[in-house]
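Just so we're on the same page: letters track the sequence lines, and every chain starts at 1.
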Amino acid sequence: MGKKMNKNSYIREVPRASWFLKQPRYIRYMAREVTSLFIGAYTLMLVIAIKRVAEGPDAFQNFLEILYSPLGILFNISTLLAALYHSTSWFNVTPQAMPIQWGEEFVSGRIIVGAHYIIWIAISILILVFGV
Amino acid sequence: MSERQIQIEVLRYNPETDIEPTIQAYTVSCLNEWVVLDALNYIKDNLDATLSYRWSCHMAVCGSCGMMINGEPKLACKAFIHEYSDRIRVEPLVHFPIKRDLITDIEDFIAKFASVKPYLIPKEKRPISDGEYQQKPEDLLKFKQYTLCINCMLCYSACPKYGLVPEFIGPAAISIAHRYNQDSRDGGRHHRQEIIASSEGVWECSFVGACSEVCPKHVDPAGALQQVKLASTIDWYREHLMPWVKK
Amino acid sequence: MSKSNKPIVWGLFAAGGMATALVTPVLTFLTLLTALHFTPSLFTYECLHTMASYWIGKLIIFVFVTLSLWHSAHRMRITAHDFGIRSDLLIAIILYCVAAIGTILTGFSLLSIH
Amino acid sequence: MDIIQTDIAIIGAGGAGLRAAITLAEANQKLRIALISKVYPMRSHTCAAEGGAAGVSKSDDSLDCHFEDTVGGGDWLCDQDAVEYFIKEAPRELIQLEHWGCPWSREQDGSVAVRPFGGMKIKRTWFAADKSGFHILHTLFQTSLKYPSIQRFDEYYALDLIEDDGRCYGLTALEICSGQIKHFEAGAVIIAAGGAGRMFQFTTNGAIKTGDGMSLAYRAGVPLKDMEFIQYHPTGLPNTGILLTEGCRGEGGILINKDGRRYLQDYGMGPETPVGKPALKTMELGPRDRLSQAFWHEQQKGNTLSTQWGDCVLLDMRHLGEKKINERLPFVRDLSISYLGMDPVKDLIPIRPVVHYCMGGIHTDINAATPLLGLFAAGECACVSINGANRLGSNSLTELLVFGRRAAMSAIACIQSIPRLGNKAALTAKAEDSQSRILALVHKSRGSETISGIRKEMMQTLEEGAGIYRTGESLSKTCEKIAELRHRYTSIALNDKTKVFNTELLQALELSSMLNCAEAVAVCGRDRKESRGAHQRLDFTARDDTNFLKHTLAYYHPKDPPRIEYLDVVITKSRPGVRDYSGVRK
Ligand SMILES: Cc1cc2nc3c(=O)[nH]c(=O)nc-3n(C[C@H](O)[C@H](O)[C@H](O)COP(=O)(O)OP(=O)(O)OC[C@H]3O[C@@H](n4cnc5c(N)ncnc54)[C@H](O)[C@@H]3O)c2cc1C
Ligand code: SF4
Ligand code: F3S
Ligand code: FES
């Protein structure tokens, strides 16, 4: 796992592809990163859907058929889970990336996170009401 | 005061005799209010005088005693025995070369820390006779948190990116640059940007966030790094899309 | 050391992260319903077509899809590295190309909807 | 042996050493500066200082006031010319730090805030929350990185001064990571190696505070001055000795005994002041020596609380409220919760006096120069005599700055004016001697004594003989014991023969430093037959200005106890008077 180096120091090598198995927090991080695979694939699906819409109703129907397949269902379920994980992990760190100072004090992180969740829920409800 | 028999398993490495590090176990009867450092000191005084590690303040402020305790980067003087089971594994901070036993080579960190110009580059020079700069409490609050870093390097051990890409300037060094950038007295941001906005700088970070989780002083380096990214991105767009706007 | 060019993509990545965080879960939920034959009105041809025929609709769809593409592309680039794939440049080119093609395709498709 | 050529070598990279280095670098870019420290600079114990640094800055204050507080607080053992210089320079140094970015706490209007400290008539302590020393040290360290001419030798342990014919020409030091010994040739040497509190078992001092600097100078023939004055800080956590800053009381915390009585009023520091409205220079804001002594009396009377960690009194800060505690004393809160499991916001915190600071140290004059030509000293290891028999809280951090700078300026003057004509052969021979001494210590194979064993006995005997209250008898016993320990020290042998990072070797060297200092403490104390400031004798309870308005000087002897001499205190404008903390006087 390691090698000896000059100056008599001993270097512990980090395994390149399996390092993240060492700690739960790394696994959580990788899970977060891997959501991008699903979100990316899903977005490509949207790109195709839009293309099919442009091509006319039949083309779109074809697209739907694929969606109905077991694979399509499975894909959508996993994307939903990935998307939920992405959203929560994203909102939870917003205060770190964008702290807000109000007067003298910094706004508490909980409020910033909370605000994001509220906006998220609002948008989701809006789309649901409009879309269903 | 309750006592417990604890197996302290310590990674030992003597560069003059060993090819590989080995684990040595000591049985220490520890008071429950002890920290791991107390146990190490007990070993050093009573069981094995050759055990080597760094420490000084015993109050989590000098930053000497960072080590891996059960795989987690910790200050040995703030790792309470009562939070552990009867077997504790102590190793030198990962991502740093081991010099001997629990002592690592930290020159890489020191060099990176120095490279980000971690000192005040005044916006306007002020003679001593004019007294102090005025700074409102809210201005102080903007950077205060980032002044609390004790250079313990736990964040470097926690950050997988530093492990994978040793050139990465890393959390604490970038945070200290951010500290000065945020200081109302400072005008040296663009000098520091040259270094921290490089690829080896903040852009190696992918917001793993482990650095902030282990930081014993709640510096939140992860936050600092994301703020630097945001500011650098704004810089970039400004420089490239609106080159006529002066810096 | 010179300043990195990563900010170009990072800006899109960050904006896309926020956009997808806010919108993608509910969208995936709706497509899941569709896949299960409980097709919500949004995912009917008529609705989508109508939406995309307005400029504002085109714009919203385009911005969202683009940001989402670039967000994922950039994150996948990092993830590839995290999985030990070290040909970062190649990966970056491939992923950003896909994102660019997706962007163009979406743009054309939307423009052709009247 | 490698030789490292430098113009000025500084031993110690704490507050004093860094301040000196920066002064040198700013004065002349061409100077070669070697900054030698046994730990990385930011590990130096200055980082542990919490409360703040004193300097006159507000309009209601005056230099005279600071002078009076300091001299009276020091029980008139201060050299008043040094105090005057110190007080005049103090504000300048604090502002300079502010200009370097030190995050001092602020008033609403943006000016630097000040807080009250014990023994002061007016609020004048600059503070950065309760991490003042930490911020000072880091500001200095970070600022020092600006100057390429400051060459750092981190993790180098200074072994011996190289001196010939009454002048210092450098030193030898052990490169800890390789075990090699290096010879630093320097035109002048500044010692800034910090205090020696580790001689005692129960102390606020970090592991590195082992009196190495004092011992270095002492062994080179420079006397140690006023070593008998050891400051106990009244408020240490009872289990670990971790300090709760005087700022706790400055912000309004009170001390009570087991019956809830604010007992300080019974020891000449009353009348009682209203809770949460501390009055300056009285009750909880009395000086440290008085407060620690009051504890001792309470203990004798059985008014202390007996806890699993020994007898304690209680520090009550609950009335300050969570907000103020978080803003002004966040570290204190963190430390109490972490190390004692008690939260000052809602709990009474048990505390007891703890060894904190050495008033004594390397004898220097007002220019930070020692009697050995080319050798200077500053910081806690030095004794310029601004602290007298009892240091006022928050004067020390300022002292580091003022005299760190002063030492640097004197060193420059020294290398410019006094030619450097050392006898090469003699110097090399001395360096070789130093190396052989270390090698002999490492290679010695059989020993009957252990480091930890001797250390423990040393701590014990100091505790028994040279604590808050002392007697001639207890001190004599301690003197004998330490003489014995010094002798037994020659029979230790190391288990660790490794060159790289041999911490056992360091411990052995540190123990020898501490033994030297400890002997000076005990002998000086035994011979000072009066009570003054931190030196309280049960057999001579009064201050004796006729015989002892004098500094004690201890001269090293390789085998025997030190020779003691006395030196008059410099008095410019304040004749010894009564130290009054009753709060009655205006
Ligand atoms: C807990 C605590 C709180 C305090 N609070 C306050 C306060 O609020 N206000 C105040 O005014 N004062 C306070 N003090 C006192 C003050 O902090 C110290 O007196 C001061 O910091 C000493 O600084 P220094 O530079 O002399 O030494 P240090 O900071 O102790 O530095 C000593 C340096 O010497 C080096 N060194 C030592 N031996 C060797 C060797 N053999 N070879 C090479 N290098 C060596 C060390 O590595 C280190 O760099 C406090 C002290 C303590 C312990
Ligand atoms: S940021 Fe935190 S973890 Fe990192 S070096 Fe500083 S104090 Fe230690
Ligand atoms: S763990 Fe590393 S990747 Fe960034 S957020 Fe912290 S530096
Ligand atoms: S000993 Fe100083 S941080 Fe642990």
Nearest heavy-atom neighbours spanning E167(B) and E200(B): O-CB, 3.7 Å
Is the shortest side-chain heavy-atom distance between I23(B) and V10(B) below 4.5 Å? no
Sort by residue number and list every member of residues 146-163 of chain B having a non-hydrogen atom under 4.5 Å from chain C. K161(B)
Check each atom of L230(B) against the heavy atoms of chain C and say whether the ones under 4.5 Å are side chain, backbone, both or neither. both
Proximal component of V202(B), with respect to chain C [non-hydrogen, under 4.5 Å]: neither
Does a donor on one side chain sit under 3.5 Å from an acceptor on the other, for [X] and [Y]?
{"X": "Q134(B)", "Y": "D139(B)", "answer": "no"}
{"X": "Q227(B)", "Y": "H178(B)", "answer": "yes"}
{"X": "N14(B)", "Y": "R100(B)", "answer": "no"}

Donor-acceptor list for residues 87-105 of chain C side chains, cut-off 3.5 Å, not counting sequence neighbours:
from, atom 1, to, atom 2, distance (Å)
D88(C), OD1, R77(C), NE, 3.1
D88(C), OD2, R77(C), NH2, 2.8
Y96(C), OH, H74(C), ND1, 2.8
Y96(C), OH, R77(C), NH1, 2.9
T103(C), OG1, W70(C), NE1, 3.2
T103(C), OG1, A99(C), O, 2.6

Looking at residues at least two apart in the chain, or sitting in another chain, which of them share a ring pair (Phe, Tyr, Trp, His ring centres under 6.0 Å) with F38(C)? none
If we check side-chain hydrogen bond (donor to acceptor under 3.5 Å, both in side chains) with D235(B), which of these qualifies: H190(B), H240(B), R189(B)? R189(B)
For chain B, which residues of residues 9-27 of chain C have at least one non-hydrogen atom nearer than 4.5 Å to it? W10(C), G11(C), L12(C)
